Participant: 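Please see the structure below; I have some questions.
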Amino acid sequence: MTTPATSAAESAVPAGASLLRFATAGSVDDGKSTLVGRLLHDSKSVLTDQLEAVEHASRSRGQEAPDLALLTDGLRAEREQGITIDVAYRYFATPRRRFILADTPGHVQYTRNMVTGASTAELAIILVDARNGVVEQTRRHAAVAALLRVPHVVLAVNKMDLVDYTEGVFASIAEEFTTYAASLGVPEITAIPISALEGDNVVTASSTMDWYGGPTVLEHLETVPVSHDPSEDPARFPVQYVIRPRTAEHPDYRGYAGQIASGIFRVGDSVTVHPSGRSSTIEGIDALGCSVNEAWAPQSVTLRLTDDLDVSRGDLIAASDATVAASQDLTATVCHLHDRPLKPGARVLLKHTTRTVKAIVKEIPSRLTLDDLSQHPEPGELTANEIGRVVIRTAQALPVDNYADSRRSGSFLLIDPADGSTLTAGMAGSAFAEAAEETKETVDGRADDDGWDF
């Protein structure tokens with residue numbers, strides 16, 4: 001009977017250990033899958049039978065040492081081509097912290113997959129081949145991380161063994177990347193020289209790079225601060241379900257269940273329900289069958305209000321002193337995900353938190369060129385993996401925050417109303433750290449026989 005090689009480490013994880021969600025990205029053949037495999041292997045986060053399968057597959061391919069990249073490249077096509085195609089999620093833990101890792105592809109045509117993997121990440125590891133330095137795809141990944149407001153970025157300069165562990169090579173790459181990422185508004189950048197193949201500075205410190213005195217990759221992952229004061233964020237609660245038991249025990253109970261998107265709610269707080277704009281006070285908060293005095297993101301709770309308001313799924317309960325204006329006009333930065341292009345005039349469904357409404361793409365003012373951050377005006381359409389600005393008109397007013405203020409309530413999806421496929425991921429407000437542009441009203445008011453006249 002096989003046993004997990006990680007059992008000792010996992011059993012030592014404190015029950016209240018913090019959780020870090022992070023994503024990896026890098027160009028093709030930069031060694032990203034090997035880095036992830038090395039991280040899992042050296043931190044003893046690999047099951048015994050998984051390691052045996054990798055060793056067997058490596059021997060069948062004529063390799064003496066196990067190819068640790070096979071620990072992450074799980075699809076048959078990935079193994080055959082030696083590349084990462086889809087986002088792979090890995091869960092592991094050390095005695096200091098729990099982790100959810102999103103391993104994203106490196107090819108240009110899979111940039112949309114990085115958007116998916118990094119959308120919920122608190123840290124992104126961007127790999128660079130020490131022989132090639134910062135390339136176009138490196139800049140693209142840095143720009144995506146900045147667009148998604150990922151608060152921590154690690155530059156892992158890989159394959160240092162192939163440049164004789166030269167400090168000057170690392171320093172030059174680190175300076176170039178840091179300057180570029182800082183210009184995008186990335187708040188924190190940490191550069192680490194590594195060799196994923198040899199294990200240098202991944203989990204254990206390198207004995208061949210004594211000129212580097214910083215943390216290893218795992219040390220940084222274990223110590224990077226991920227907690228912050230939720231009271232600093234605007235309080236937002238998308239209603240997912242209305243609870244009305246109507247039982248003898250709870251004849252008049254009315255609660256609004258969901259997951260707090262951001263901020264903190266307390267009993268007695270004044271709140272406003274959107275889009276109606278009506279206000280009330282929090283009478284009680286129920287969590288895990290118990291009443292509590294306060295709750296914060298991302299807890300799942302049930303709110304009870306003092307007034308019997310018309311509240312349903314899709315409504316947003318917000319703090320009255322940090323409310324958001326609901327509007328039918330939305331300007332946003334989007335990454336197009338579908339193979340079918342997005343064009344002005346497209347009729348879509350817009351999903352924002354728990355509400356889905358009809359919408360029309362009124363205008364695509366520009367497309368972003370990520371290698372030099374230039375704006376290509378009036379592109380006419382956005383194709384798969386392209387990022388641009390869009391102006392959208394919705395059938396109903398939506399309380400959408402700027403993405404810079406709240407990643408959850410400032411994001412949305414555009415969906416094909418015909419087949420339900422996801423078309424585009426959107427981030428409301430300005431791109432990077434630029435000043436927000438004014439929303440442009442472009443409603444023509446023409447009648448529409450299909451119910452899209454709004």
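Counting from 1, the numbers follow the sequence of the chain as shown. None of these values were measured; they are calculated from a predicted model.
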Participant: Are the side chain of D307 and the backbone of L309 linked by a donor-acceptor contact shorter than 3.5 Å?
Facilitator: no
Participant: Hey, are D233 and S262 close enough side-chain-wise for a donor-acceptor pair under 3.5 Å?
Facilitator: no
Participant: Could you grab the distance from atom CZ of F22 to atom CG of L221, nearest 0.5 Å is fine?
Facilitator: 5.0 Å
Participant: May I ask you to test the P365-V391 pair for a side-chain heavy-atom distance under 4.5 Å?
Facilitator: yes
Participant: Looking at CE of M160 and OG of S206, how far apart are the two atoms once the value is rounded to the nearest 0.5 Å?
Facilitator: 9.0 Å
Participant: Is I126 close to F177 at the side-chain level, that is, under 4.5 Å between some pair of heavy atoms?
Facilitator: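 The answer is yes; the side chains approach within 4.5 Å.
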Participant: List the atom of V128, the atom of V134, and the distance in Å for their closest heavy-atom pair.
Facilitator: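 In this case the closest contact between V128 and V134 is CG1-N, 4.1 Å.
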Participant: Taking V169's backbone N and O only, do any of them form a donor-acceptor pair with S172's side chain (distance below 3.5 Å, no angle check)?
Facilitator: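 Looks like no, no N/O pair under 3.5 Å.
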Participant: Rounded at 0.5 Å granularity, tell me how far CZ in R139 sits from CG in L184.
Facilitator: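 One finds 11.0 Å between CZ of R139 and CG of L184.
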Participant: Which atom names give the shortest non-hydrogen contact between A181 and I189, and what distance separates them?
Facilitator: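 Reported closest heavy-atom pair: CB-CD1, 3.5 Å.
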Participant: Within the structure provided, determine whether I364 and V334 are in side-chain contact (heavy-atom separation under 4.5 Å).
Facilitator: no
Participant: Would you compute the distance between atom OG1 of T216 and atom CD1 of I194 and round it to the nearest 0.5 angstrom?
Facilitator: 10.5 Å
Participant: Give me the ring orientation class for W211 and F170: parallel if the planes are under 30° apart, tilted from 30 to 60°, perpendicular past 60°.
Facilitator: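 W211 and F170: tilted rings.
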Participant: State, to 0.1 Å, how close A130 and I173 come at their nearest heavy-atom pair, and which atoms those are.
Facilitator: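 So the two residues come closest at O-CD1, 3.6 Å.
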Participant: What are the two closest heavy atoms between R97 and S18, and how far apart are they?
Facilitator: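 Taking every non-hydrogen atom into account, NE-OG, 2.9 Å.
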Participant: Look up atom CE in M427 and atom CG in N402, then write down how far apart they are to the nearest 0.5 Å.
Facilitator: 12.5 Å
Participant: Considering all heavy atoms of both residues, which atom of P193 and which atom of N201 are nearest to each other, and what is their separation?
Facilitator: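 Reported closest heavy-atom pair: O-ND2, 2.8 Å.
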Participant: Can you find a pair of side-chain heavy atoms, one from L350 and one from L330, that are under 4.5 Å apart?
Facilitator: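 The answer is yes; the side chains approach within 4.5 Å.
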Participant: Test your reading of the model: is there a side-chain donor-acceptor pair from R347 to the backbone of I360, 3.5 Å cut-off?
Facilitator: no
Participant: With S270, which residues qualify under side-chain hydrogen bond (donor to acceptor under 3.5 Å, both in side chains), at least two apart?
Facilitator: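 For S270, the residues satisfying side-chain hydrogen bond (donor to acceptor under 3.5 Å, both in side chains) (neighbours in sequence not counted) are S320.
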Participant: Quick one: list whatever passes ring-ring contact (aromatic ring centres under 6.0 Å, His included) with Y403, sequence neighbours left out.
Facilitator: none
Participant: Hey, could you give me each pair passing salt bridge (charged side-chain N to carboxylate O under 4.0 Å, His left out) that has a residue in residues 398-414? Not counting sequence neighbours.
Facilitator: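 Residue pairs with at least one partner in residues 398-414: R236-D401.
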Participant: According to side-chain hydrogen bond (donor to acceptor under 3.5 Å, both in side chains), who are the partners of E188, at least two apart in sequence or on a separate chain?
Facilitator: H152
Participant: Quick one: side-chain hydrogen bond (donor to acceptor under 3.5 Å, both in side chains) partners of E222, sequence neighbours excluded?
Facilitator: T94
Participant: Rounded to the nearest 0.5 Å, what's the gap from CD1 on I317 to NE2 on H274? Could you check?
Facilitator: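 Here the rounded value is 10.0 Å.
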Participant: So does R244 have more than 12 non-hydrogen atoms from other groups sitting under 6.0 Å from CZ?
Facilitator: yes
Participant: Does I125 form a side-chain contact (heavy atoms from CB on, under 4.5 Å) with V36? I'd like the steps, not just the answer.
Facilitator: CA-CA 10 Å; I125 298 177; V36 175; over 6 Å; no
Participant: Could you list the residues that satisfy side-chain hydrogen bond (donor to acceptor under 3.5 Å, both in side chains) with R254, not counting sequence neighbours?
Facilitator: none
Participant: Give the minimum heavy-atom separation between A425 and V115, together with the two atoms involved.
Facilitator: CB-CG1, 4.4 Å
Participant: Let's go through Y256 and D315 carefully: what are the C-alpha distance in whole Å and the side-chain angles of both, what is the deciding distance for side chain to side chain donor-acceptor pair (under 3.5 Å) to 0.1 Å, and is it a yes or a no?
Facilitator: CA-CA 10 Å; Y256 309 107; D315 288 351; over 6 Å; no
Participant: Report yes if the side chains of H352 and T394 come closer than 4.5 Å at any heavy-atom pair, otherwise no.
Facilitator: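 No, too far: nothing below the 4.5 Å cut-off.
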Participant: Side chains of R131 and K159: does their closest heavy-atom pair fall under 4.5 Å?
Facilitator: yes
Participant: Does the side chain of S421 come within less than 4.5 Å of H338's, by heavy atoms?
Facilitator: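 In contact.
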Participant: Evaluate the side-chain proximity of T333 to R389: yes if any heavy-atom separation is below 4.5 Å, no if none is.
Facilitator: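 Yes, their side chains come closer than 4.5 Å.
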